[in-house]
Number of protein chains: 2
Amino acid sequence: MTLSNTEEQLMEHLWRLEKAFMKDILEVYPEPKLATTTVATLLKRMIDKKFVAYNEFGNSREYYPLVKKSDYFSKHVNGLIKNFFNDSASQFASFFTRETNLTEKELEELRKIIDVELQKKKK
Amino acid sequence: MTLSNTEEQLMEHLWRLEKAFMKDILEVYPEPKLATTTVATLLKRMIDKKFVAYNEFGNSREYYPLVKKSDYFSKHVNGLIKNFFNDSASQFASFFTRETNLTEKELEELRKIIDVELQKKKK
DNA sequence: ATTTTACTTCTACGTTTGTAGAATTAAAAT
DNA sequence: ATTTTAATTCTACAAACGTAGAAGTAAAAT
């Protein structure tokens with residue numbers, strides 16, 4: 001079960017908001033806004049797909065994500081990696097490092113992170 | 001204009017093959033094979049979308065990709081980054097480094113690449 | 001108490017996707 | 001020359017998507 005593009009965008013909003021009522025969701029959409037019913041349909045489909053759940057509060061609902069962004073994202077990137085890089089994460093990483101233009105500072109940060117990861121592995 | 005999932009897979013094959021006749025394409029598909037007509041339909045749609053072209057050879061065609069994998073891929077990852085990481089490539093990178101389980105060797109390679117990039121920037 | 005507002009459900013409809021049979025065509029094999 | 005094989009085009013169809021109106025419902029505002 002996967003999310004379609006529009007559903008994914010909505011999911012992204014939910015992750016950011018953590019919990020959200022309909023009005024909160026509508027607010028974060030940029031112009032031209034989707035119709036309320038469109039968002040409602042999307043939410044319903046996402047609930048069916050088990051990506052979203054809600055708590056009932058009176059007549060309205062507080063929606064929240066059922067899957068963690070990191071989990072969803074991992075699967076996503078792994079798919080990408082499988083599809084485009086022969087299942088080699090490092091091939092992907094090197095491509096990524098070359099192709100996106102990270103600033104010097106960002107690259108340095110990234111190297112720090114890598115060092116930390118390396119430390120972890122070595123232990 | 002984007003490729004659907006199945007189209008993307010086919011595209012991946014084409015990138016690997018560089019050029020391919022129908023039979024070559026059918027070969028690389030794992031069981032259960034798609035019907036020839038299915039692949040033909042996909043190819044036709046991809047031609048319409050300007051992702052694929054072909055040279056005519058007798059009654060059959062040699063198909064080839066019109067877009068480079070790296071270009072396609074960049075757009076793809078940038079979408080991901082925009083969608084999930086607030087448009088911050090470094091945020092993505094750090095997430096990626098932590099969440100995918102790169103081996104020690106891979107991490108070290110990656111650090112090398114980063115160093116090279118850093119050298120370039122510094123010049 | 002009645003109107004307004006916010007939200008949800010139901011229904012719908014055109015488009016895209018995934019899949020492939022039928023018919024056709026052209027080349028290859030016999 | 002005739003049959004077989006490979007590829008292409010046309011047609012089709014169910015499922016998924018993107019989008020939203022109509023209608024109902026419950027809470028809030030007046």
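- Here the P atom of nucleotide D/dA6 and the NZ atom of B/Lys23 are 10 Å apart, to the nearest Å.
- One finds a side-chain N or O of B/Ser4 lying less than 4.0 angstrom from the OP1 or OP2 phosphate oxygen of C/dG18.
- In this structure, the nucleotide among C/dT19, D/dA7, D/dG18 sitting nearest to the side chain of A/Thr6 is D/dG18.
- Rounded to whole Å, atom P of C/dA29 lies 12 Å from atom CG of B/Asn59.
- B/Leu43 has its CG atom 8 Å from the P atom of D/dT8, to the nearest Å.
- Neither OP1 nor OP2 of C/dT19 sits under 4.0 Å from any side-chain N or O of B/Lys44.
- Contact annotation for B/Tyr63: backbone-only contact, meaning every heavy-atom pair under 4.0 Å involves sugar-phosphate atoms and none involves a base.
- Across the protein-nucleic acid pair, A/Glu56 atom CD and C/dA6 atom C1' stand 14 Å apart, rounded to whole Å.
- A salt bridge is absent between A/Glu8 and A/Lys49; no separation between the charged side-chain nitrogens and carboxylate oxygens falls under 4.0 Å.
- Put simply, B/Val67 and A/Phe95 are part of the same group of oily side chains (I, L, V, M, F, W, Y) that touch within less than 4.5 Å, one to the next.
- Helix-axis bend for the helix from C/dA1-D/dT30 to C/dT30-D/dA1: the local axis fitted to the five terminal pairs at one end deviates from that at the other end by 0°, rounded to 10°.
- A residue-by-residue look at B/Tyr54 and A/Met1 shows that B/Tyr54 has its nearest nucleotide of DNA chain D further toward the 5' end.
- If you check residues 26-39 of chain A against DNA chain D, the residues with a heavy atom closer than 4.0 Å are A/Leu34, A/Ala35, A/Thr37, A/Thr38, listed by number.
- Side-chain contact between B/Glu62 and B/Tyr54: absent, with no pair of heavy atoms (C-beta onward) separated by less than 4.5 Å.
- Taking atom CE on A/Met22 and atom C1' on C/dT8, their separation rounds to 8 Å, with Å as the unit.
- Straight-line distance from the CG atom of A/Leu3 to the C1' atom of D/dA16: 13 Å, rounded to whole Å.
- You'll find the side chain of A/Ile47 stays beyond 4.5 Å of the side chain of A/Leu66, heavy atoms only.
- For B/Met46 and C/dT16, the CE to C1' distance is 15 Å, given to the nearest whole Å.
- Residue B/Arg45 places a side-chain atom within donor-acceptor reach of the base of C/dT19, judged by atom type and a 3.5 Å distance cut-off alone.
- Nearest to the side-chain atoms of B/Ser60 among the listed nucleotides D/dT8, C/dT9, D/dA6 stands D/dT8.
- Salt-bridge annotation for A/Lys120 and A/Glu117: present, with a side-chain N of the basic residue lying under 4.0 Å from a carboxylate O of the acidic one.
- Side-chain polar atoms of B/Gln9 and B/Tyr29 form no donor-acceptor pair below 3.5 angstrom.
- Follow the hydrophobic side-chain contacts under 4.5 Å out from A/Leu118 and you reach B/Phe96 in the same cluster.
- Ion pairing between a basic and an acidic side chain is recognised when a charged N comes within 4.0 Å of a carboxylate O; B/Glu12 and B/Arg16 show such pairing.
- Annotation: side chain of A/Leu26 is not in contact with side chain of A/Lys33 (no heavy-atom distance under 4.5 Å).
- Here C/dT9 presents its P atom at 8 Å from CD1 of A/Ile47, a figure rounded to the nearest Å.
- In this structure, B/Tyr72 and B/Trp15 have tilted ring planes: the angle between them lies in the 30° to 60° band.
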